[in-house]
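Numbered from 1 within each chain, the chains take letters A, B, ... in sequence-line order. Any value given below was found using the heavy atoms of this structure, including those in side chains, with hydrogens, waters and symmetry copies removed.
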2 protein chains.
Amino acid sequence: MSFVPGLTAGQPSGTATTDPIVRWVHEFIPLLSALPRDDSLRGNKLRRGVGLVFPTKFALANTSISPSRLFSGRWVPCTNVVRYTLPTDTTTVLIHTDGACLGNGQANPRAGWAFWHASSSTGDPLTADGRLERKGPFGDDSLQTNNRAELRAVIAALRYRNWPGEGIRTLVIATDSAYVVEGATTWARGWIQNGWMTQAGPVLNRDLWETLLGEVERFFVRGMTIKFWRIPRAWNAVADAAAKAAAQRDDDALEEWADKFGFM
Amino acid sequence: MSFVPGLTAGQPSGTATTDPIVRWVHEFIPLLSALPRDDSLRGNKLRRGVGLVFPTKFALANTSISPSRLFSGRWVPCTNVVRYTLPTDTTTVLIHTDGACLGNGQANPRAGWAFWHASSSTGDPLTADGRLERKGPFGDDSLQTNNRAELRAVIAALRYRNWPGEGIRTLVIATDSAYVVEGATTWARGWIQNGWMTQAGPVLNRDLWETLLGEVERFFVRGMTIKFWRIPRAWNAVADAAAKAAAQRDDDALEEWADKFGFM
RNA sequence: UGACACCCGCUCGU
DNA sequence: ACGAGCGGGTGTCA
């Protein structure tokens, strides 16, 4: 998690220090005062992110070490599932996301999303999935595209459960989409500063980007952090298969945005 | 047979005419002046095509009419074989080609090619076949793949005999490989214009594509035209069986490219 | 220009 | 059921 540059820019450069406590105060106090006064950060209502805080890249992401080697299954009693956590820090949980769009860019595209968040006690992967809705989270008509599906998968994962309520302090989102990872961790800063413009015009899928940032902020004030990990496609087979299957399902795409909450 | 766009672009659009003679002059004169000055088009030496002329798709290729219904066997005295020609035009001859590659993409692939060009007077199909060489026509090391085998089959068929010498004016190559048909009739134009690049990098099997185009040009100046027909796999059983058998033969693949010329 | 996805099609195979 | 060999395209950004 890193902070929006504008909020910390006021700190005189002469006061630079390596004391982590001092750094924390300098970074955190202005951030708290910038929190929205309304209650949009409470509850689980959809909200647009304001650039308060941005996700970062998963630091342990290495050249060739796969998620399955870095994270290990750990049985979670209250939910009765096996989540994948760091052996050194069981409050850091891994989720794989993926989007699919059959006929992407063609006449009748069908987009679907999925994420893999746990395994059953018998070892079967537990996934959630769905068709991409015809409307965005704020009611905008939208197209069925691969990139919207990738973004939708992440938002679905973030909104699936009250993750901090499970004691999770860091959620690692593993995806093969550089669009998602770079957008959330790098490009979003610039977009917020320049009014959501790109070289070629307005940023596309802005509604989903803002929703994603909104979720990150909602979790931030509850002490949970979001990290992104760009993984090779070959490491994302479970979520990939689920997303393809969801896109293929014969039921038509829902008209309106519809959150899917996990049991409990 | 169609002409390279750049060579006819000089014709003022105002002179458009439907007179076939005039059209022929406009198209053919610049083409002739673009012919290579050297003698690379004479004899039967291997040469790289330069984009002078491209094969086209067989126009009579229809939804569901099979080669065996469209072409009929016709005894050719001087060679003592039965060739398959159009009843309405016995100078148009049909050849089936196919490539095979056992263990394609695996550790030790074995590629072979075959074509079916005639039948004996007793009705047995006459085919030619071989293993794919380890080196390309210009000496490049190359892999044993299905697509190289498909291309090799076409080149082998074209170089098998002095076809125009038999009075043939159109050679129809029937293959189940869309890679071969689209590549030769559609994609090759673009490749020549942009330096043999594709979205993902250099065009693969360029040596074989250039050789194929070279043969087309060699025949063009002798008044013979090459047409391609994409047929379903089920219609290519004879060539398929021969190609598989050639790939399976225990003799190792030849190191160097080796043309096979038919008897006579 | 580059990158990562998402596909569509045909073949070749295990 | 799985994979590779090949091409065409769009979705998106820097």
Trainee: Where each residue is assigned the nucleotide of DNA chain D containing its nearest heavy atom, which of B:N146 and B:M197 is assigned the position nearer the 5′ end?
Mentor: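 Counting from the 5' end, the first nearest nucleotide belongs to B:N146.
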Trainee: Given salt bridge (Lys or Arg N to Asp or Glu O under 4.0 Å), test B:R148 with B:D207 step by step and report yes or no.
Mentor: CA-CA 10 Å; B:R148 281 190 77 83; B:D207 56 339; 3.1 Å; yes
Trainee: Over all strands shown, is B:N147 touching base, sugar-phosphate only, or nothing at heavy-atom distances under 4.0 angstrom?
Mentor: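 Result for B:N147 = base.
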Trainee: Calculate, to the nearest 0.5 Å, the distance between atoms CH2 and CH2 belonging to A:W209 and A:W187 respectively.
Mentor: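 CH2 of A:W187 is found 7.0 Å from CH2 of A:W209.
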Trainee: Ignoring hydrogens and angles, state whether a donor on the side chain of A:T122 or A:D124 is under 3.5 Å from an acceptor on the partner side chain.
Mentor: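 Yes, a side-chain donor-acceptor pair sits under 3.5 Å.
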Trainee: Between B:Y84 and B:S68, do the side chains contain a donor N or O and an acceptor N or O under 3.5 Å apart?
Mentor: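 No, because no side-chain N or O of B:S68 sits under 3.5 Å from a partner of the opposite role on B:Y84.
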Trainee: Tell me what A:G190 touches on the nucleic acid: a base, only sugar-phosphate, or nothing, going by heavy atoms under 4.0 Å.
Mentor: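 Counting heavy atoms under 4.0 Å across all strands, no contact is made by A:G190.
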Trainee: Measure up the B:W235 and B:W229 rings against each other and bin them: parallel (under 30°), tilted (30 to 60°), perpendicular (over 60°).
Mentor: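 Rings of B:W235 and B:W229: perpendicular, as their planes differ by over 60°.
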Trainee: Answer yes or no for B:R152 and B:W257: cation-pi contact, defined as NZ/CZ to six-membered ring centre under 6.0 Å and angle to ring axis within 45°.
Mentor: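 Because its charged atom sits under 6.0 Å from the ring centre and within 45° of the axis, B:R152 does stack over B:W257.
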Trainee: Please assess A:K57 against A:E182 for the test salt bridge (Lys or Arg N to Asp or Glu O under 4.0 Å), listing each intermediate value before the final yes or no.
Mentor: CA-CA 9 Å; A:K57 285 176 182 146; A:E182 294 304 317; 2.9 Å; yes
Trainee: Along DNA chain D, 5' to 3', what are the outermost nucleotides having an atom less than 4.0 Å from a heavy atom of chain A?
Mentor: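 Extent of the interface on DNA chain D: D:dG9 to D:dA14.
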Trainee: State whether the side chain of B:W113 and the backbone N or O of B:A157 hold a donor-acceptor pair below 3.5 Å, judged by distance alone.
Mentor: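 It does not hold such a pair.
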Trainee: Nucleotide range of RNA chain C contacted by chain A, 5' to 3', under 4.0 Å to a heavy atom?
Mentor: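 Endpoints of the contacted stretch of RNA chain C: C:C4 to C:C7.
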Trainee: Could you verify whether a donor N or O on one side chain and an acceptor N or O on the other, from A:T175 and A:S177, lie under 3.5 Å apart?
Mentor: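 A:S177 and A:T175 do not have a side-chain donor-acceptor pair below 3.5 Å.
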Trainee: Given axes from five pairs at either end, by how many degrees does the helix from C:U1-D:dA14 to C:U14-D:dA1 bend, rounded to 10°?
Mentor: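 The end-segment axes of the helix from C:U1-D:dA14 to C:U14-D:dA1 are tilted 20° relative to each other.
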Trainee: One thing to verify: whether A:D129 and A:R249 come together as a salt bridge, which I'm taking to mean a side-chain N less than 4.0 angstrom from a carboxylate O.
Mentor: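 Judged by the 4.0 Å cut-off on N to carboxylate O distance, A:R249 and A:D129 do form a salt bridge.
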